[in-house]
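Notes follow once the structure below has been shown.
So that the names make sense, note that chain A is the first sequence line, chain B the second, and so on, each numbered from 1.
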Amino acid sequence: MPSTKIDINLKIWRQENPDAPGSFQQYSLAGLSTDMSFLEMLDVLNEKLTLEGREPVAFDHDCREGICGMCGAVVNGQPHGPEPGTTLCQLHLRHFRDGDHLVIEPFRARAFRIEKDLVVDRSSLDHIIQAGGYVSVNTGGAVEANTIAIPQQIAEQAMDAAACIGCGACVAACPNASAMLFLGAKVSQLALLPQGHPERRLRALSMVGKMDELGFGNCSNERECEAACPKSISIRHIARLNREFIKAALFAE
Amino acid sequence: MTLGQTVRSSVGQKILMAVSGIMLSLFLVVHGIGNSMTFFGSKAFNAYAEKLHSLGFLVPLFELGLLAVFLLHIFLGLTLFLQNNQARPVRYQMEKSSGGRTPGSRTMPYTGVVILIFLVVHLLNFHFTDHSIPISDIVRNVLRQPIYALFYLSALAVVALHISHGFWSLFQSLGINHPKYNATLRSGSLGAALALSAVFMLIPLCTLLIKEFLR
Ligand code: HEM
Ligand code: SF4
Ligand code: FES
């Protein structure tokens with residue numbers, strides 16, 4: 001597709017700091033290349049704002065190739081924008097039309113604090129990981145990697161779950177601001193593999209407990225998370241988390 | 001984790017929601033089968049009602065159990081609704097589905113409350129009423145009034161909406177999800193919800209439109 005130039009009208013949430021009230025500001029950008037990524041469009045805007053002596057829009061990003069999970073904002077009501085299975089940094093302007101109006105908001109949830117503009121503190125997801133999203137490994141001589149055989153299908157499932165980049169779009173998309181897809185991915189990944197088995201019972205219970213404590217909502221099976229997830233993580237992993245939880249809470253030794 | 005902590009956790013509440021949902025759904029199926037006796041005439045329907053009441057003490061026992069399940073389901077449903085509202089104190093300026101929600105899933109708490117109101121009217125109509133005349137006449141007298149027939153039809157449409165999501169949702173809550181049968185589960189639960197609702201809706205429709213119905 002040959003690149004063309006388009007104009008985009010932006011309405012962006014601006015907020016000075018976590019306690020400031022914040023409001024929407026409008027900006028217009030003309031002659032943007034459709035080869036540009038969404039974040040590059042924000043770069044263009046920020047350059048313009050800086051030259052005008054105005055405060056640039058703060059937004060998170062790092063790899064810009066869809067693997068680190070740092071970027072993310074809600075574009076016209078959809079986390080990471082309208083393209084399925086795509087992070088904001090990998091979303092390109094060719095998916096938009098000349099003269100489009102875009103409303104850009106930060107991920108919103110009680111458990112996520114807005115630091116500034118579109119930058120959101122998602123460390124609550126790290127706290128959930130700290131509650132059990134790990135395996136404990138004894139020190140000593142490294143074990144031969146292939147001692148424990150793992151069936152291909154299981155390895156694939158675990159890998160699908162491990163694709164989660166921890167961006168928090170599932171929370172942002174969930175009508176209840178629940179983190180169940182994130183939890184499902186993490187619990188699933190470890191529950192499927194033998195290395196995760198010794199701690200699987202405690203893991204399911206304490207990670208769910210932590211999620212509740214941090215003020216995330218309850219899953220009501222709306223399935224918005226899997227539709228918004230840039231890694232297309234399936235709610236099948238939430239079902240596995242539910243099974244892990246039921247087993248751990250009611251049947252574990 | 002104690003049992004108390006388990007049922008108060010988010011996943012625990014969802015499990016109770018699913019289990020109470022299953023019980024209510026089973027009740028709805030049995031109620032639907034019983035009510036379909038109306039299609040075989042007032043005699044068959046009255047005979048069925050009599051048979052049911054001849055079960056003696058089992059009847060109030062079952063009613064109390066059902067009431068408890070309803071109360072649990074309603075209490076939990078409203079608790080979850082309130083908790084979920086608090087989980088996003090500042091809403092988005094623009095909300096757009098990414099493609100997961102259905103009309104049923106987005107309205108669960110609201111359809112639930114409508115069902116609750118319907119239940120009160122329903123019980124006043126048919127349960128807490130003068131039982132000196134045959135049950136078929138009680139039903140007929142109510143549902144022949146267009147206003148009541150319409151009320152029942154709309155309330156039952158709301159039930160259909162509720163279970164259109166609920167019948168599938170309860171499987172997911174209990175961890176039943178597998179690519180092998182997901183498509184079957186989804187269309188099967190939707191089909192079952194619609195078929196069951198259709199049986200219920202036919203009753204007010206027939207009473208209103210067919211002169212001899214339940215005579
Ligand atoms: C015949 C009556 C009813 C039936 C058959 C029924 C069935 C169900 C089922 C199967 C579910 C799915 C459970 C799950 O997601 O695991 C559900 C969810 C729900 N029900 Fe009902 N229900 C009935 C009445 C009510 C009433 C009276 C309320 C009153 C408020 C209510 C409120 C809810 C809510 C809010 C949910 C969603 C909970 C969540 O997913 O967070 N229901 N219902
Ligand atoms: S499950 Fe998907 S949306 Fe949620 S944090 Fe992981 S990658 Fe992001
Ligand atoms: S910046 Fe790394 S995923 Fe978008």
> Taking only heavy atoms into account, what residues of residues 227-243 of chain A are found under 4.5 Å from chain B?
Replying inline: A:A227, A:A228, A:I235, A:R236, A:I238, A:A239, A:N242, A:R243

>> Classify the ring geometry of B:Y48 against B:F45: parallel below 30°, tilted from 30° to 60°, perpendicular beyond 60°.
In response: parallel

> According to the interplanar angle, ranging from 0 to 90°, do the rings of B:Y110 and B:F81 count as parallel (below 30°), tilted (30 to 60°) or perpendicular (above 60°)?
Replying inline: perpendicular

>> For the interface with chain A, which of B:Q83, B:R88, B:R106 has the highest count of heavy-atom pairs at distances below 4.5 Å?
In response: B:R88

> For A:F216, is it the side chain, the backbone, both, or neither that has a heavy atom closer than 4.5 Å to a heavy atom of chain B?
Replying inline: backbone

> Hey, which of A:R108, A:M211, A:K11, A:E244 has the most heavy atom pairs under 4.5 Å with chain B?
Replying inline: A:R108

>> So which residue, B:G12, B:G104, B:P179, ends up with the most heavy-atom pairs under 4.5 Å with chain A?
In response: B:P179

> Distance-only, no hydrogens or angles: does the B:S54 side chain make a donor-acceptor pair with backbone N or O of B:K51 under 3.5 Å?
Replying inline: yes

> Quick check: does any side chain N or O of A:D117 sit under 3.5 Å from a backbone N or O of A:A58, one acting as donor and the other as acceptor?
Replying inline: yes

>> Please classify the contact of B:Q86 with chain A as side chain, backbone, both or neither, using a heavy-atom distance under 4.5 Å.
In response: both

>> Between A:A173, A:P175, A:A109, who has the most heavy-atom pairs with chain B when the cutoff is under 4.5 Å?
In response: A:P175

>> Counting only non-hydrogen atoms closer than 4.5 Å, does B:I15 touch chain A with its backbone (N, CA, C, O), its side chain (CB onward), both, or neither?
In response: side chain

>> Tell me which of these, B:M17, B:Q13, B:H165, has more heavy-atom pairs under 4.5 Å with chain A than the rest.
In response: B:H165

> Using 30° and 60° as the class limits, which term best fits the ring planes of A:F96 and A:F38: parallel, tilted or perpendicular?
Replying inline: tilted

>> Does any backbone or side-chain atom of A:F24 lie under 4.5 Å from a heavy atom of chain B? Answer side chain, backbone, both or neither.
In response: side chain

>> Just so I understand: if I count every heavy-atom pair under 4.5 Å between each of B:H178, B:R186, B:R8 and chain A, which residue has the most?
In response: B:R186

> Taking every heavy-atom pair that is under 4.5 Å apart, which of B:M108, B:R91, B:Q5 has the most such pairs with chain A?
Replying inline: B:R91

>> For A:L181, run the side chain to side chain contact (heavy atoms under 4.5 Å, CB included) check against A:C225, A:C164, A:C219, A:C174 and tell me which one passes.
In response: A:C225

> Does atom OH of B:Y148 have more than 12 heavy-atom neighbours from other groups under 6.0 Å away?
Replying inline: no

>> Is the distance from the ring center of B:Y152 to that of B:F118 below 6.0 Å?
In response: yes

> Does the A:R203 side chain pair with the main chain of A:V187, one donor and one acceptor, at a distance under 3.5 Å?
Replying inline: no

>> When you measure from the side chain of A:E224 to the backbone of B:G100, do you find a donor-acceptor pair of N or O atoms at a distance under 3.5 Å?
In response: yes

> Under the side chain to side chain contact (heavy atoms under 4.5 Å, CB included) criterion, do B:F70 and B:L116 qualify, and how do the steps go?
Replying inline: CA-CA 9 Å; B:F70 258 113; B:L116 180 59; over 6 Å; no

> Of the backbone (N, CA, C, O) and the side chain (C-beta and beyond), which part of B:E95 lies under 4.5 Å from a heavy atom of chain A, both, or neither?
Replying inline: backbone

>> Would B:L24 and B:L66 count as a side chain to side chain contact (heavy atoms under 4.5 Å, CB included) here? Give the steps.
In response: CA-CA 8 Å; B:L24 294 181; B:L66 189 61; 4.2 Å; yes

> What residue, out of B:T2, B:L80, B:V11, B:L3, has the most heavy-atom pairs lying under 4.5 Å from chain A?
Replying inline: B:V11

> If you count heavy-atom pairs under 4.5 Å with chain B, which of A:S220, A:A249, A:G215 comes out on top?
Replying inline: A:S220

>> Given heavy-atom pairs under 4.5 angstrom as the criterion, report whether the side chain, backbone, both or neither of A:A172 touches chain B.
In response: both

> Looking at B:V30, B:V29, B:N35, which hits side chain to side chain contact (heavy atoms under 4.5 Å, CB included) with B:I33?
Replying inline: B:V29

> Is the distance between the ring centroids of B:F200 and B:H31 under 6.0 Å?
Replying inline: yes

> If contact means a heavy atom pair closer than 4.5 Å, which residues of residues 75-88 of chain A contact chain B?
Replying inline: A:N76, A:G77, A:Q78, A:P79

>> Heavy-atom cut-off 4.5 Å, strictly under: side chain, backbone, both or neither for B:S173 against chain A?
In response: both

> Hey, mind stepping through A:S136 and A:E199 against side chain to side chain contact (heavy atoms under 4.5 Å, CB included) and telling me if it holds?
Replying inline: CA-CA 8 Å; A:S136 305; A:E199 287 153 311; 2.4 Å; yes

>> Treating A:N176 as the side-chain partner and A:S178 as the backbone partner, does any N or O pair qualify as donor plus acceptor under 3.5 Å?
In response: no

>> Between A:C71 and A:F59, is the side chain to side chain contact (heavy atoms under 4.5 Å, CB included) condition met? List the steps.
In response: CA-CA 7 Å; A:C71 66; A:F59 64 91; over 6 Å; no

